[in-house]
Peer 1: 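First the structure, then my questions, so here it is.
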Protein chains: 2
Amino acid sequence: MKMDIKDLVLDEHTAAHVAELFRAFSDTSRVQILSVLVQSEQNVGGLAQNLGISESAISHHLRWLRQMRLVKSRRQGKEVYYLVDDPHIIALFQQGVDHVQKER
Amino acid sequence: MKMDIKDLVLDEHTAAHVAELFRAFSDTSRVQILSVLVQSEQNVGGLAQNLGISESAISHHLRWLRQMRLVKSRRQGKEVYYLVDDPHIIALFQQGVDHVQKER
DNA sequence: TTAACATCTGCATATATGTTCAAATGTTGT
DNA sequence: ACAACATTTGAACATATATGCAGATGTTAA
């Protein structure tokens with residue numbers, strides 16, 4: 001029997017989801033945000049202050065990450081704390097960071 | 001001594017590189033292309049035919065991936081064969097695919 | 001050198017995306 | 001209820017990105 005290339009290709013629907021997942025890590029600001037949230041819980045203002053990005057921009061990114069279910073949020077008083085708690089996501093992200101840092 | 005959040009944040013330069021790496025996997029067409037090239041060598045025409053994407057579009061993507069050093073190319077006659085041969089990249093990609101496929 | 005085929009390239013363009021701004025919403029303490 | 005603070009939201013805008021098209025380049029066989 002013969003091996004068909006089409007059997008190797010991800011169907012478009014799955015591929016779109018994979019692309020969407022990786023898109024979460026494809027922006028400099030989001031990478032910086034996630035580099036914190038994979039290690040410790042943090043609120044919007046704290047992130048904005050430490051990353052030098054506006055609170056609004058941070059919030060937009062977090063909304064996106066929340067809709068993708070990549071971060072969890074918890075309100076404590078006026079503040080909302082975010083974190084990444086999925087070990088697979090953390091591992092995936094860290095692997096990308098490691099690969100970049102190994103290249104020098 | 002106290003733990004500063006700034007110590008957790010990836011510097012902008014590194015973050016930009018990480019984002020760039022993940023951007024390679026952040027487009028549906030590229031994901032489909034890579035889903036083949038992580039498993040077997042393939043040429044431009046073959047990819048175009050099996051993915052239903054124009055040869056020009058495929059070539060544009062491959063140029064990008066080549067510049068990122070994520071794929072290797074080898075010319076055999078008129079055809080140019082591409083593949084992904086870095087085990088870390090393959091693992092990273094596969095991990096993303098696995099995560100999506102586990103979610104159903 | 002031609003012809004035929006495969007791939008690549010630059011440009012144009014439509015769409016997607018990140019950020020800012022201003023205003024809205026939510027929360028706490030007075 | 002009000003003021004003060006934190007976060008969210010939607011609209012507008014500027015930039016980035018994917019793709020098609022037309023032509024250029026590379027390769028082989030005659």
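Below, chains carry the letters A, B, ... as their sequence lines are ordered, and counting in each starts from 1.
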Peer 1: Answer yes or no: are there more than 12 heavy-atom neighbours, outside E79(B) itself, under 6.0 Å from its atom CD?
Peer 2: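 More than 12 within 6.0 Å, yes.
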Peer 1: Taking donor-acceptor contacts at under 3.5 Å, does the side chain of H60(B) reach the base of dT7(C)?
Peer 2: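 Per atom types, no contact qualifies.
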Peer 1: Have a look at H61(A) and say if it touches a base, only the backbone sugar-phosphate, or nothing, with a 4.0 Å heavy-atom cut-off.
Peer 2: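 Touches sugar-phosphate only.
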Peer 1: Could you check how far CD1 of I58(B) sits from P of dT19(D), rounded to whole Å?
Peer 2: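 Rounding to the nearest Å, CD1 of I58(B) and P of dT19(D) are 9 Å apart.
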Peer 1: When all nucleic acid strands are considered with a 4.0 Å heavy-atom cut-off, which category describes Y81(A): base, sugar-phosphate, or nothing?
Peer 2: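 If one applies the 4.0 Å heavy-atom cut-off, Y81(A) turns out to touch nothing in the nucleic acid.
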Peer 1: What is the distance, to the nearest angstrom, from the CG atom on L62(B) to the C1' atom on dC8(C)?
Peer 2: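 Taking atom C1' of dC8(C) as the reference, CG of L62(B) is at 11 Å.
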Peer 1: Under 4.0 Å between any heavy atoms, over every strand shown, what does S59(A) touch: base, sugar-phosphate, or nothing? Just pick one.
Peer 2: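 Base contact - S59(A) has a heavy atom under 4.0 Å of at least one base atom.
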Peer 1: Quick one about Q76(B) and R74(B) (side-chain donor to acceptor, distance below 3.5 Å, no hydrogens or angles considered), yes or no?
Peer 2: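 Looking only at side-chain atoms, Q76(B) and R74(B) do form a donor-acceptor pair, the distance falling under 3.5 Å.
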Peer 1: Classify the side chain of S56(B) versus the base of dT7(C) as yes if they form a donor-acceptor pair under 3.5 Å and no if they do not.
Peer 2: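 No pair found.
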Peer 1: Looking at Y82(A), I'd like to know whether one of its side-chain N or O atoms comes within less than 4.0 Å of OP1 or OP2 on dA6(D).
Peer 2: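 No, Y82(A) has no side-chain N/O under 4.0 Å of OP1/OP2 on dA6(D).
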Peer 1: Which one, dT7(C), dT8(D), dT19(D), comes nearest to the side chain of V44(A)?
Peer 2: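 The answer is dT8(D), which lies nearest to the side chain.
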Peer 1: For R66(A) and dT8(D), what is the distance between atoms CZ and C1' respectively, to the nearest whole Å?
Peer 2: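 After rounding, the gap between these two atoms is 8 Å.
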Peer 1: In whole angstroms, how far is the C1' atom of dA16(C) from the CZ atom of R30(A)?
Peer 2: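 The distance from CZ of R30(A) to C1' of dA16(C) comes to 12 Å, rounded to the nearest Å.
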Peer 1: Which comes earlier along DNA chain C counting from the 5' end, the contact point of S29(A) or that of G77(A), where each point is its nearest nucleotide?
Peer 2: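 Upstream on the strand: S29(A).
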Peer 1: Any idea which of dT9(C), dG10(D), dT19(D) is nearest the A57(B) side chain?
Peer 2: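 My answer, after comparing the listed nucleotides, is dT19(D).
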Peer 1: Does N43(A) put a side-chain nitrogen or oxygen below 4.0 Å from OP1 or OP2 of dT7(D)?
Peer 2: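 So the side chain of N43(A) is within the cut-off, an N or O lying under 4.0 Å from OP1 or OP2 of dT7(D).
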Peer 1: Nearest 0.5 Å, what's the NZ-CG distance between K72(A) and D85(A)?
Peer 2: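 One gets 4.0 Å once the value is rounded to the nearest 0.5 Å.
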Peer 1: Parallel, tilted or perpendicular: which one describes the rings of H99(A) and H88(B), with boundaries at 30° and 60°?
Peer 2: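 If you compare the ring of H99(A) with that of H88(B), the planes turn out tilted.
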Peer 1: With no hydrogens and no angle check, do the side chains of D11(B) and H13(B) hold a donor and an acceptor under 3.5 Å apart?
Peer 2: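 There is no such pair between these side chains.
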Peer 1: Whole Å only: how far is the CZ atom of R63(A) from the C1' atom of dG18(C)?
Peer 2: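 Taking atom C1' of dG18(C) as the reference, CZ of R63(A) is at 13 Å.
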Peer 1: Check the distance between dT7(D)'s C1' and R75(A)'s CZ and give it to me in whole angstrom.
Peer 2: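 One finds 6 Å between C1' of dT7(D) and CZ of R75(A), rounded.
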Peer 1: Let me know the distance between CD1 of I33(B) and P of dA18(D), rounded to the nearest Å.
Peer 2: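 From I33(B) CD1 to dA18(D) P: 10 Å.
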Peer 1: Looking for any heavy atom pair under 4.0 Å, which part of the strands does E55(B) touch: base, sugar-phosphate only, or nothing?
Peer 2: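 Base contact.
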Peer 1: Please give, in whole Å, the distance from dG18(C) P to D27(A) CG?
Peer 2: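 Distance, rounded to whole Å: 5 Å.
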